[in-house]
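Report on one structure; see the data block that follows.
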Amino acid sequence: MAKTIQAIRGMNDCSPTESPLWQWIEAQVRQVLNNYGYSEVRMPVVESTPLFARAIGEVTDVVSKEMYTFWDNDEQLTLRPEGTAGCVRAAIEHGWIYNNEQRLWYMGPMFRHERPQKGRYRQFHQAGVEVFGIANPEIDAELIMLTYRLWKALGIDQHVTLQLNSIGSLEARANYRSALVGFLENHQDLMSDEEKDRLVKNPLRILDTKNPELQKVLDNAPKLLDYLDDESREHFEQLCSLLDAVGIQYEINPKLVRGLDYYNKTVFEWVTSALGAQGTVCGGGRYDGLVEQLGGHATPSIGFAMGLERLVLLVQEVNPNVPVKSAVDIYVVYQGKGATLAAFELAEKVRSELPHLNTMLHCSGGNFKKQFKRADKSGATLALVIGESEVQNKQVVIKHLQGGADQQTLDLVNVIDYIQTQF
């Protein structure tokens, strides 16, 4: 017997019972983004490796440890670990942002070679937004308001908290980095080897350490907000004023820096305590220098990304009454002479005249008892039943599978009108 082949560790299947919730969440994301006037873009899942090295930073964990990289003849390619770099590359290449504003969104798989755990996989899915050409804090506020509207649509708004910070300009961050390193050098005895390596290569990442002893020490570390340049400070104050005006609550978290090198000024995260250690639901911020860094014209930019696996887990945890639509609305069962052709014709008629409903034809034979068992399992609301007498009389029996009205027999010409009254 041949050995069974299984999925690669950290790359998961989505079962037929799980996919309706995924589809509902994705539909809410699309609805909110479209309502705000954002346009969808679709980028390749494979990009040139130097794109991520230049955009994300070679000393980050993503580039140094987590990317799936391979050679294709003489070109080094990488499965995308995040969406921003590819979106910027596409925007520059096709001239979408030359002297033009763009508000874009995307959704799809990303890939990182890291230790799989609940809600964190090697192939995972993100929805992301990138806005180009708007420098003022109004767009920062809009992205936060947009995400808040999405949390309300998903029924999770009472279970997430907004954290805000400003990491200022490159110059301000360089000054802060020097002060932070000077402070941390006196506490290397508390650091792991990885944290000591970060102290040299990317010290701001130490601010989000999970080491409780080091976190306690960091409470007394220099604060990035004290090193902000005037422009960044004013930008941040205006953003906070806008959020105050619309009633969106937030916490200023001076340790929030985000994990990638390209951010500046505003950074934000929506976090939850409902999922244990994996608490970040959505994160983003400004990256005003990235377009120029990747070869385009200087363009103010901001964006965010949210992990869909994490959203699915959170919705399952705190909103168990999600109105997820069954994959099947109407199930057609049939048996007897002439019933097969009549059932096919009826199913196609329903699909043509009521395309918003999902109609399943039984197809696999068996008696009515077996067919009704399948119909019940499908989650359908109605069963349309055709036997020999229904064929002869040009009628259909309608059975309510979820309770409600009694079973009844209708003339074939009246079936569509009746179905419309039930949905």
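Computed from heavy atoms alone, side chains included, the values below leave out hydrogens, waters and symmetry copies.
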Salt bridge or not for Arg351 and Glu348, using N-O below 4.0 Å? yes
Closer than 4.0 angstrom, basic N to acidic O: yes or no for Lys223 and Asp226? no
For Gln407, does the CD atom have more than 12 heavy-atom neighbours from other residues, nucleotides or ligands under 6.0 Å away? yes
Side chains of His159 and Asn319: is there a donor and an acceptor less than 3.5 Å apart? no
Looking at side-chain heavy atoms only, is the closest gap between Trp151 and Cys282 below 4.5 Å? yes
His297 backbone acceptor or donor facing Thr299 side chain under 3.5 Å: yes
Assess whether atom CD of Glu213 is packed by more than 12 heavy atoms of other residues, nucleotides or ligands within 6.0 Å. no
Heavy-atom closest pair, residues Gly86 and Glu47: CA-OE2, 3.6 Å
Looking at Lys373, I want to see if its NZ is surrounded by more than 12 non-hydrogen atoms of other residues, nucleotides or ligands under 6.0 Å. no
Taken to the nearest 0.5 Å, the spacing of His235 NE2 from Cys240 SG works out to 10.0 Å
Closest heavy-atom pair, Thr280 versus Glu269, reported as atoms and distance to 0.1 Å, is OG1-OE1, 3.4 Å
Go through the steps for Arg286 and Ser166 under the test side-chain hydrogen bond (donor to acceptor under 3.5 Å, both in side chains), then give the verdict. CA-CA 9 Å; Arg286 280 205 161 267; Ser166 176; over 6 Å; no
Between Thr84 and Glu130, does any side-chain donor sit less than 3.5 Å from a side-chain acceptor? yes
Do the side-chain N and O atoms of Tyr334 and Gln371 include a donor-acceptor pair separated by under 3.5 angstrom? no
Could you verify whether a donor N or O on one side chain and an acceptor N or O on the other, from Trp270 and Thr161, lie under 3.5 Å apart? no
Backbone N or O of Ser232 within a donor-acceptor pair of the Asp229 side chain at under 3.5 Å? yes
What verdict does the side-chain contact (heavy atoms from CB on, under 4.5 Å) test give for Gln163 and Phe268, after you've listed the backbone C-alpha separation in whole Å, the side-chain angles of each residue and the deciding distance to 0.1 Å? CA-CA 6 Å; Gln163 296 189 348; Phe268 66 90; over 6 Å; no
Inter-residue atom distance Phe52.CZ - Glu66.CD, 0.5 Å rounding: 13.0 Å
If you take the centroid of each ring, where Trp contributes its six-membered ring, are His125 and Tyr121 closer together than 6.0 Å? no
State, with a plain yes or no, whether a side-chain heavy atom of Leu21 is found less than 4.5 Å away from one of Val322. yes
Sidechain-backbone polar pair: Asn253 side chain, Lys255 backbone, donor-acceptor under 3.5 Å: yes
Does atom NZ of Lys196 have more than 12 heavy-atom neighbours from other groups under 6.0 Å away? yes
Is it true that a side-chain atom of Arg89 and a backbone atom of Leu51 form a donor plus acceptor pair closer than 3.5 Å? no
Output yes when a side-chain donor or acceptor of Asn100 lies under 3.5 Å from a complementary backbone atom of Trp96, and no otherwise. yes
Report the C-alpha separation of Thr266 and Asp140 in whole Å, then their side-chain angles, then the decisive distance to 0.1 Å, and conclude whether the side-chain hydrogen bond (donor to acceptor under 3.5 Å, both in side chains) test is met. CA-CA 8 Å; Thr266 305; Asp140 305 32; 2.8 Å; yes
Return the CG to CZ distance between Asn165 and Phe236, rounded to the nearest 0.5 Å. 6.0 Å
Is there a donor-acceptor pair under 3.5 Å between the side chain of Arg80 and the backbone N or O of Pro109? yes
Using a 4.5 Å cut-off on heavy atoms from C-beta on, say whether the side chain of Arg30 contacts that of Trp105. yes
If only side-chain N and O atoms count, and only distance matters, is there a donor-acceptor pair under 3.5 Å linking Ser241 with Gln238? no
Charged N to carboxylate O below 4.0 Å: is that the case for Glu40 and Arg42? yes
Counting C-beta onward and ignoring hydrogens, is there a side-chain heavy-atom pair between Leu184 and Leu218 closer than 4.5 Å? yes
Quick check on Tyr98: does its OH atom have over 12 non-hydrogen neighbours (other residues, nucleotides or ligands) under 6.0 Å away? no
When you measure from the side chain of Arg122 to the backbone of Ile8, do you find a donor-acceptor pair of N or O atoms at a distance under 3.5 Å? no
Pairing donors with acceptors under 3.5 angstrom, does anything connect the side chains of Arg149 and Tyr36? yes
Tell me if a side-chain donor or acceptor on Ser39 pairs with a main-chain N or O of Leu104 at a distance below 3.5 Å. no
Surrounding CD of Gln402 (heavy atoms of other residues, nucleotides or ligands, distance under 6.0 Å), is the total greater than 12? yes
Interatomic distance, CG@Leu410 vs CD1@Ile398, rounded to 0.5 Å, equals 4.5 Å
Any side-chain donor-acceptor pair under 3.5 Å between Asp288 and Asn264? yes
Would you please say whether a donor-acceptor pair under 3.5 Å links the side chains of Gln31 and Asn35? yes
Which pair of non-hydrogen atoms, one from Pro116 and one from Arg9, has the smallest distance, and what is that distance? CD-NH1, 3.4 Å
Between Thr78 and Thr69, do the side chains contain an N or O donor and an N or O acceptor separated by less than 3.5 Å? yes
Measuring from Tyr176:OH to Leu228:CG, what's the distance to the nearest 0.5 Å? 10.5 Å
Carefully, step by step, assess Gln215 and Lys210 under the rule side-chain contact (heavy atoms from CB on, under 4.5 Å). CA-CA 7 Å; Gln215 271 289 358; Lys210 301 301 185 287; over 6 Å; no
Can you name the closest pair of heavy atoms from Gly307 and Gln126 and give their distance? CA-CG, 4.3 Å
N/O donor-acceptor pair under 3.5 Å between Asn358 side chain and Asp329 backbone: no
Strictly distance-based, threshold 3.5 Å: is any side-chain N or O of Asp197 a donor or acceptor partner for the main-chain N or O of Asp193? no
side-chain contact (heavy atoms from CB on, under 4.5 Å) between Leu384 and Ile419: does it pass, once the steps are laid out? CA-CA 10 Å; Leu384 307 185; Ile419 293 174; 4.1 Å; yes
Tell me, yes or no, whether the heavy-atom count around Asp189 atom CG, taken from other residues, nucleotides or ligands under 6.0 Å, exceeds 12. yes
Could you report the tightest heavy-atom contact between Val41 and Tyr106, atom names first, then the distance? O-CB, 3.4 Å
With side-chain contact (heavy atoms from CB on, under 4.5 Å) as the test, would you mind laying out the steps for Phe372 and Lys399 before giving the verdict? CA-CA 10 Å; Phe372 278 119; Lys399 182 177 177 62; 3.5 Å; yes
Scan side-chain atoms only and decide if Ser169 and Glu231 contain a donor-acceptor pair under the 3.5 Å cut-off. no
Looking only at heavy atoms, what is the nearest atom pair of Phe124 and Pro81, with distance? CZ-O, 3.6 Å
Rounded to the nearest 0.5 angstrom, the CG-CD distance for Leu294 and Glu93 is 12.0 Å
Evaluate whether atom CE of Met360 has more than 12 neighbouring non-hydrogen atoms of other residues, nucleotides or ligands under 6.0 angstrom away. no
Between Tyr331 and Asp376, does the side-chain hydrogen bond (donor to acceptor under 3.5 Å, both in side chains) criterion hold? Intermediate values first, please. CA-CA 9 Å; Tyr331 198 100; Asp376 287 331; over 6 Å; no
Can we say Lys349 and Glu353 salt-bridge, meaning some charged N sits less than 4.0 Å from an Asp/Glu carboxylate O? yes
